[in-house]
Amino acid sequence: MYEQVSHSLLNDILSELDPEIQDEELRYFYTRLGANFYHIYSLFTILYGKRDDLRPQIQALVETMARQYVQRPASLRQSDLVREKNHNWFLSQEWVGMALYADGFARDLPDLIQRVNYFPELGVNMVHLMPMMQCPEGASDGGYAVSDFRQIDSRFGRMEDLQELAGQLRKRDILLTLDVVLNHTSDEHQWAKQARAGDSRYQEYYYIFDNREVPDMFEVSMPEIFPENAPGNFTWDEAMGKWVMTVFNSYQWDLNYSNPSVFIEMLDIILYWANQGADILRLDAVAFLWKKIGSICQNEREAHLLLQLLKDCCQVTAPGVLFIAEAIVAPVEIIKYFGEDAINAKECEIAYNATFMALLWDAVATRNARLLTQGVKSLPDKLDRATWLNYLRCHDDIGLGFDDNDIRAVEYEPHAHRQFLIDYYTGNYEASPARGLPFGHNDKTGDTRISGSLASLAGLESALEAEDSVRIDVAIKTILLLHGMIMAFGGIPLLYYGDAVGTLNDRTYLDDPAKANDSRWAHRPRMDWEKAELRNTPGTVEYRLFTAIKKMIAVRREVAAFADFNNRELLDVGNPHLFVFSRFEYVQPTNRVLVVANFDGAPQHLNLKDIGRRGYFRYGSVRDLYSGERPAMFKEELVVPPYQFYWLTDEVPL
Ligand code: GLC
């Protein structure tokens, strides 16, 4: 938008730019800056307008964008232009992701380079590398306590190794996703060290207090994130003689985004990684970016403004780069990380679908889809050009963050129902085959979250131990059923390393004092490649899982209705065990796929005549896209075997 105040300011800023930058060919930079500047200026002024140094700060902001643009490699600038033209590229059904630790999936980056063909073998073409930036020895919250945002930690390798890996991935058309930890630094970061040494400039980078007065006010309304390991939200720093805000672990110092210098530093870091070749940046813990006394200090309006500002700035320098919002919050809050009051996504283009993930685990435990159907029904519509990451497991715990109203709507009592799920997954429910572990138990609220690998939670570990082939079968079917859902729902399915070969819980973390009190390490194992090799041996569990998931990915790629254009319709079919939705093609909506999932241990029936009244199966002949076969029918009823899913389509008669 053209607006005179900001436009004349922009002209002044540009004339004062460092001559070294001005010499560069900045044509695309200028057009994008012109397009976004009014918005950038407005957001910056809302956030920082009361400060005396607004003018030099906004000068520094533009300089940061310009410098990073100058440094952006020509090949990446070229890919920005291609993506600008084909702006819906990431909504296609062709993308399938995998999240992994470079030192878990492989030994380190050089070893990962050797294993890169595993991705195309399975069909994965988006790789999310968990944080690899320099972090403290010992406890570092799995790399989420960063000591230097521009260095690769030596345990992973060197920057050159990452460059080499990025090149190898690009050669195979695989997208690279990197983590940027926005909310905090480790207490060993240079800024923290300088703050500790008494430098007031860097003390202002954090929330630091002389006494408990303000911290106590904050604590009234702030929940605890790691109540067992890191109770409270502030830590006394002996060297400084002050209190520091530490929402996560005591060694993770929260950054103070009410200071514009912090914003500019972190923007610079985002653009730095964009220039290293990241296609997508996962922005960690974005719900926590803004702190306000009297609030829970999550999902604040200003946190959203900060993300919009980051997006607007990143679009100027590196418009081909997408953001993932890691905001594991209530369903109505998650959706806001795409942005509100807009047509297209304006904060992050991608967000974790934590709601769907938790609902799927509910369906597995209850063997019915009541809450799943209700929860998906309540999920607000996304903006356009926004998409979900649909996942089953990731490096974190499973939080039962469903909406209480949805739980009540399907006639469960919220507290009792959550308690049932916790018991079911953590070994306190006799009939359950799941082998999960409790995480983050909070004595005050009674909340508990759940750790454990997909296979162990789905009952594979206990079935293998019992050498019970029927139960092994059920566990495999459950794992495939769940994958069948994330592949079809709409969005990018994000697999977790090890899951395609049925990796079980790893208990070795208990021997490491830096990990022993954090059960999330049970599902962050070092990949056992000898076991993974069994994916090539027919009849093994690894083979059964791997080949089926590989096939799902290959089929998904061919089904245009699985692209994500908000093209999903949920169907209430009156059978609580079945979860049924349809996906239709964006261009040709009559081309539809009916997704049917049976979460129960008994076969279920679905009356296709009723479905036919809604315009499905005009030719009276139905085929399952996944198996390629006609499913069993009894009269007009489709028979859905236990723990099975279908991707049904009309079969056009010859
Ligand atoms: C995110 C990460 C989690 C980490 C936290 C603090 O939620 O996924 O693993 O503990 O942020 O950085």
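Quick note: residue numbers are just sequence positions, from 1. Whatever order the structure lists ligands and atoms in, that order sets their numbers, starting from 1. Source: prediction; values computed, not measured.
By the 30° and 60° cut-offs, the orientation of the rings of Trp529 relative to Tyr118 is perpendicular.
Aromatic pair Tyr391/Tyr352: ring centres closer than 6.0 Å.
In terms of protein heavy-atom proximity, atom 2 (C) of ligand 1 is nearest to Asp284 OD1, 3.2 Å. In terms of protein heavy-atom proximity, atom 5 (C) of ligand 1 is nearest to Phe248 CE2, 3.7 Å.
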| message | Phe288 vs Phe248, test: ring pair (Phe, Tyr, Trp, His ring centres under 6.0 Å). Steps then yes/no. | response | CA-CA 10 Å; Phe288 296 84; Phe248 292 89; 4.9 Å; yes
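Applying the salt bridge (charged side-chain N to carboxylate O under 4.0 Å, His left out) criterion to Glu347, with sequence neighbours excluded, gives no partner residue. Under the salt bridge (charged side-chain N to carboxylate O under 4.0 Å, His left out) criterion, Glu302 pairs with Lys292, sequence neighbours left out.
Under 4.0 Å from ligand 1, the heavy atoms of Arg282 that appear belong solely to its side chain. Contacts with ligand 1 closer than 4.0 Å are made by no heavy atom of Tyr352, backbone or side chain.
Annotation for ligand 1: atoms under 4.0 Å from non-hydrogen atoms of His184 are 6 (C), 12 (O). The contact set between ligand 1 and Asp396, taken as ligand atoms under 4.0 Å from a residue heavy atom, comprises 2 (C), 3 (C), 7 (O), 8 (O), 9 (O). Taking every non-hydrogen atom of Asp141 and a distance limit under 4.0 Å, the qualifying atoms of ligand 1 come out as 4 (C), 5 (C), 6 (C), 10 (O), 12 (O). Atoms of ligand 1 lying under 4.0 Å from any heavy atom of Phe226, numbered from 1 in the order shown and given with element: 10 (O). In the vicinity of Gln252, heavy-atom distances shorter than 4.0 Å reach the ligand 1 atoms 12 (O). Atoms of ligand 1 lying under 4.0 Å from any heavy atom of Glu326, numbered from 1 in the order shown and given with element: 1 (C), 7 (O), 8 (O).
Tested against Asp237, the residues Lys193, Lys242, Arg196 include a single salt bridge (charged side-chain N to carboxylate O under 4.0 Å, His left out) partner, Arg196.
Taking 4.0 Å as the cut-off between side-chain N and carboxylate O, Asp103 and Arg155 do not count as a salt-bridged pair.
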